[in-house]
Amino acid sequence: MMTMSTSATIGAETYAEPKAKTRNLSLDRARTFLTLVVLLHHAVIPYTYFGHTDPKFFFGFDMIVLATDSFFMAMFFFLSGLFAWSGIARKGPASYLADRIRRLGIPFVICAFTVIPIAYYAISLRNDPEIGFSQFWWTTITKGPWPSGPIWFLWVLFAFDLIACLLYSLRPNLLDPINRLSVRGRRRPAEFFAVMLVVSAAFYVPGLMYFGPSSWFEFGPFSVQHGRVMLYATYFFFGAGIGAANMDRGLLSAEGRMAKVSWEWLVLAIVPYCLLWTLIFIKREILGNPSPLPNWYEGLYAANVTVFSVAIMFLILAFFQRFKQSGSARLLDPMQRDAFGMFLVHYPIALWLQYWLFDYDLPAIVKAMVGFVLTVAFSWALTRALRQIPGASKVL
């Protein structure tokens, strides 16, 4: 049995308050970078073929959205999982879940009743300029649809944390095989990559083929994409296995080999990404956008998404590992404390900026960049202001 290392048992959470002696700067920077990727994704999506809600269009944004949508939420679950198992071991399942209710449950409820209706009111006004906010809010809450926007991540993550607590109570050593694989991954990261790739594909490919890409579970503000939920669970528990023990001496060690082979991760990401565009061309120009798509197509598409998703995650982690727990990231480090709050509050800011920009005859690039910069600035400023409220910093 592997013993818990000192650094692993400390286990700060993905969205926890910084503690100078326990923070892993490379992971903090990766998480904050991902938050900015989320904001960029929501800033550019109206100007794409995928989300074309604005008359302006730029194909480069389709390239961004295809990439981001294929990996960033899965990677968020991976980063969250890194500190789950050690957190449960340190606090105990009951205390850990109480903390997760505070960090995930309370923000979810507040955002579901405030942030999300404010965000989607901008879309409703575009369709019905006469509707008042109170009428829209009441209809959303009582009759629906009650979309969740990006906060679906919170309740799904809490569900994974709950499952992790139950599994830990039954078998604390359940994730030891993943942890041993991580320890070996310090010298042989390709081995960990291969195993994670195979397991992710085994759960994701059949799910996508069965449910398709557009099937969602929806119950009030609780929603999640059917075909991806097991992919997210895979990433979460692989992260939990790495963080269960010896994280400072495993795959994510600052002295490990993972960061030294970043070019290989880049190639492994680019190849399936290009194949995804090939499949998209086949779907549109040869198959004629059929619905549903053939199973062979869904299977090939899911397989390439899986390879790209794991490879781009390894590439990002390898890049930030090069900081080796030192140095300074001028934007990412100051933003680290506020990243979670920015994730929570940015959506209405992004949608209302797009509502405001809709009638301006500006190029898509200008609209998207204005939207992105202002979304970052306003969500950061709002989070900073909210964190000044007594007790708010324990949630945000």
Step through it carefully: locate the ring centre of F58, locate the ring centre of F61, and say whether they are under 6.0 Å apart.
yes

Are any side-chain N or O atoms of T68 and backbone N or O atoms of V65, one a donor and one an acceptor, separated by less than 3.5 Å?
yes

Strictly under 6.0 Å, is that where the ring centroids of Y47 and F57 end up?
no

Give a yes or no answer on whether the side chain of R126 reaches the backbone of Y355 with a donor-acceptor pair at less than 3.5 Å.
yes

Backbone of A112 reached by a side-chain donor or acceptor of W146 within 3.5 Å
yes

Taking the cut-offs as 6.0 angstrom to the six-membered ring centre and 45 degrees off its axis, would you call R31 and F76 a cation-pi pair?
no

Under 6.0 Å from the six-membered ring centre of F192 and within 45° of its axis: does the NZ or CZ of R184 meet both?
no

Under 3.5 Å, is there a donor-acceptor pair linking the side chains of H346 and S379?
no

Between R29 and L25, is any pair of side-chain heavy atoms under 4.5 Å apart?
yes

Hey, is the main chain of P46 close enough, under 3.5 Å, to the side chain of Q354 for a donor-acceptor pair?
no

Between the side chains of D176 and R171, is the shortest nitrogen-to-carboxylate-oxygen separation below 4.0 Å, so that they form an ion pair?
no

Given 3.5 Å as the limit, does a donor-acceptor pair link the side chain of Q336 with the main chain of T32, or not?
no

Check whether any side-chain N or O of Y273 sits under 3.5 Å from a backbone N or O of V305 as a donor-acceptor pair, and report yes or no.
no

We want to know whether S200 and T234 form a side-chain donor-acceptor pair, criterion being a heavy-atom distance below 3.5 angstrom.
no

For R228 and Y204, indicate whether the former's side chain and the latter's backbone hold a donor-acceptor pair under 3.5 Å.
no

Give the ring-plane orientation class for W137 versus F113, where under 30° counts as parallel, over 60° as perpendicular and anything between as tilted.
tilted

Without swapping roles, check the side chain of N179 against the backbone of I242 for a donor-acceptor pair under 3.5 Å.
yes

Atom CZ of residue position F133 - does it have more than 12 heavy atoms of other residues, nucleotides or ligands inside 6.0 Å?
yes

Between L34 and F71, is there a side-chain heavy-atom distance shorter than 4.5 Å?
yes

Keeping T139 on the side-chain end and Q135 on the backbone end, is there a donor-acceptor pair under 3.5 Å?
yes

Check for me whether the distance between the ring centres of F136 and Y121 falls short of 6.0 Å.
yes

Does the gap between the ring centers of F193 and W265 come in under 6.0 Å?
yes

Please tell me whether F358 and V44 are part of a single hydrophobic cluster in this structure, the criterion being side-chain heavy atoms less than 4.5 Å apart.
no

Distance-only donor-acceptor check, side chains T375 and Y347, under 3.5 Å:
no

Working note: F77 + Y235, criterion ring pair (Phe, Tyr, Trp, His ring centres under 6.0 Å); need CA distance, chi angles, decisive distance, verdict.
CA-CA 6 Å; F77 282 108; Y235 273 67; 8.9 Å; no

With a 4.5 Å cut-off on side-chain heavy atoms, are W263 and L268 touching?
no

Plane angle bin for W85 and Y168 - parallel if under 30°, tilted between 30 and 60°, otherwise perpendicular
perpendicular

Check: D99 and Y96 side chains under 4.5 Å, non-hydrogen atoms:
no

Taking it one step at a time, do K367 and D361 satisfy salt bridge (charged side-chain N to carboxylate O under 4.0 Å, His left out)?
CA-CA 9 Å; K367 286 188 175 185; D361 187 20; over 6 Å; no

Is the side chain of S182 donor-acceptor paired with the backbone N or O of I178 at a distance under 3.5 Å, no angle test?
no

Please tell me if the side chains of H41 and I45 come closer than 4.5 Å, counting only heavy atoms from C-beta onward.
yes

Identify whether NZ of Lys or CZ of Arg in R284 sits under 6.0 Å from the centre of the six-membered ring of Y49 and within 45° of that ring's axis.
yes

Where does the angle between the aromatic ring planes of W155 and F222 fall among parallel (under 30°), tilted (30 to 60°) and perpendicular (over 60°)?
perpendicular

Ring pair (Phe, Tyr, Trp, His ring centres under 6.0 Å) for F320 and F33? Distances and angles first, verdict last.
CA-CA 10 Å; F320 285 106; F33 168 76; 5.7 Å; yes

pair F217-F219: side-chain heavy atoms closer than 4.5 Å
yes

